[in-house]
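Here the structure is laid out as structure tokens; the discussion comes afterwards.
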Protein chains: 2
Amino acid sequence: MLTPTKKEINRESLLSQGVTMLMEQGYHGTGLQQVLAAVNIPKGSFYNYFGSKENFGAEVIQHYIDPFITQLTAHLQQSDKDALGGIQRYFDELIAELEKNRFKGGCLLGNLMGEIGDTSDVCQKSLQSAVNRYRDLLKSGLAKAQQQGTVRLDKSAEEMADLLLNTWQGALLRMKIEKSSAPVKQCCQDLLGDFFKP
Amino acid sequence: MLTPTKKEINRESLLSQGVTMLMEQGYHGTGLQQVLAAVNIPKGSFYNYFGSKENFGAEVIQHYIDPFITQLTAHLQQSDKDALGGIQRYFDELIAELEKNRFKGGCLLGNLMGEIGDTSDVCQKSLQSAVNRYRDLLKSGLAKAQQQGTVRLDKSAEEMADLLLNTWQGALLRMKIEKSSAPVKQCCQDLLGDFFKP
DNA sequence: GGCAATAATATGACCGGTCGTCTCGAATGT
DNA sequence: ACATTCGAGACGACCGGTCATATTATTGCC
């Protein structure tokens, strides 16, 4: 079928609502009834679409990261001659979005890594995959910047991608409790604007 | 009274058990009954000692960070002539402990910042205070290292303390899902062994 | 000091609600 | 006609929180 089936529509809206609510209230803090009520899907249907809350969580994780991959990819393509600038502008856009949300939520991946990253096998694997997809994209951007001479060569692109991702996650946590974008701005400044420079 | 009252003993063991369980299962993932059963304290007593789960959480946070403050303070005093070395040895000790726990738990502060850092005012304030106490201690260690010439001077000690703390938190999240100490080791290597060097 | 009166604290059964999950008849598609 | 999917509601367990009662301390009086 070309038009999505009702099942696919329902799955999609549950996942989308799941992203919002898991971000706001965490995994254990969010009840399925709450998600189902928000999108007006009967409770009984849930287990037809997803087998369990845990599986749902794992799918929500993937559904969450997709737009970020797309967005970063777009910035890298758009700034083809200046990969570092593309990365910087991507993070600037993220920061603007965080400020618009008044520093609520942060990053679903970070929140769930902390909450259930070591208690749910299914979600752990989904988190690994999501983080790796994102990290690899950052890595390729940084590698291109290395070729362009805007980023130091004596550290591997992968090592820097990991460092950027980790510091960003930590800075998002600080942002949440300080209700300020200073930590995330500082993160970009310290790494992209200093440590990664040749 | 010199000997602690029964109330104080009970409070203490609840807080101690709370640290363990909130670390393992998160805030919403841990029920009060579970905590109370583990230390054999009746449910009714809980609300005499702490007014609510939220207040309990806020106290658990402080109870959690105290030993880390003590431990880092000890390392800084012990390595008086080499503050940077003291900080490095402190983190080495933390890493050894994390490996002993098979990478479970991570840091309670990080986990709770992500889970409830923007939904519970009381816990948010407690998290702020705990993180700031820890950051200020790191900052004073780094400042001393600056005086000793082992750390660069063109960045403030506070900025570096924030960066170290944030990257450490992010690395702990990665550690949890990758079940490996590589991220935290890399964190220390990148910052203490490279970026902070003069 | 001995003892009743009073205050303070400890307790666990119990509250309404929500949790994640499952059952089974109804609806749907072929 | 039949296989598959759906969905209303029920399931027992557990949630955070309350409260009347039981126990223990403290006080005041003789």
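In the text below, chain A, chain B and the rest are named by the order of the sequence lines, each starting its count at 1. Hydrogens, waters and symmetry mates play no part in the numbers below; they use all other heavy atoms, side chains included. Everything quoted here is computed from the prediction, not taken from an experiment.
Computed from coordinates, the A:Phe46 CZ to C:dC19 C1' distance equals 13 Å when rounded to whole Å. The CD1 atom of A:Ile41 sits 17 Å away from the P atom of D:dT5 (whole-angstrom rounding). Distance CG (B:Leu36) to P (D:dC15): 10 Å, rounded to an integer number of Å. We find that CG of B:Asn40 is positioned 15 Å from C1' of C:dA10, with the value rounded to whole Å. Going from atom CG of A:Asn48 over to atom C1' of C:dT21 covers 12 Å, rounded to whole Å. For the pair B:Asn10 CG and C:dT11 C1', the interatomic distance rounds to 12 Å; values are reported in whole Å. If you measure from atom NZ of A:Lys43 to atom P of C:dT23, you get 15 Å, rounded to the nearest angstrom. Between A:His28 atom NE2 and D:dC14 atom P there is a gap of 15 Å when expressed in whole angstrom units.
Taking all atoms of both residues into account, the shortest heavy-atom contact from B:Asn166 to A:Pro183 is ND2-CB, 4.4 Å.
Between A:Ser45 and D:dC6 there is no side-chain polar atom (N or O) within less than 4.0 angstrom of OP1 or OP2. Between A:Gln34 and C:dT18 there is no side-chain N or O to OP1 or OP2 distance below 4.0 Å. Checking the phosphate oxygens (OP1, OP2) of C:dG20, no side-chain nitrogen or oxygen of A:Gln33 falls inside 4.0 Å. The phosphate of D:dG17 has OP1 or OP2 within less than 4.0 Å of a side-chain N or O from B:Tyr47.
Heavy-atom nearest nucleotides on DNA chain C were determined for A:Gly44 and for A:Gly29, and the one closer to the 5' end corresponds to A:Gly29.
Separation of atoms NZ (A:Lys144) and OG1 (A:Thr150) is listed at 11.0 Å; rounding is to 0.5 Å.
Across all strands, B:Tyr49 comes closer than 4.0 Å only to sugar-phosphate atoms, never to a base (heavy-atom distances).
Between B:Tyr134 and B:Phe68, the two ring planes are perpendicular [angle over 60°; tilted spans 30° to 60°].
Taking the six-membered ring for Trp and the full ring otherwise, the centers of A:Phe46 and A:Phe56 sit less than 6.0 Å from each other.
In the set D:dG9, D:dC6, C:dT11, C:dT11 carries the atom at the smallest distance from any side-chain atom of B:Pro42.
Counting atom types as modelled, B:Lys53 pairs no side-chain N or O with a base atom of D:dG17 as donor and acceptor under 3.5 Å.
A cation-pi geometry, defined here as NZ or CZ lying under 6.0 Å from the six-membered ring centre and within 45° of its normal, does not hold between A:Lys155 and A:Phe195.
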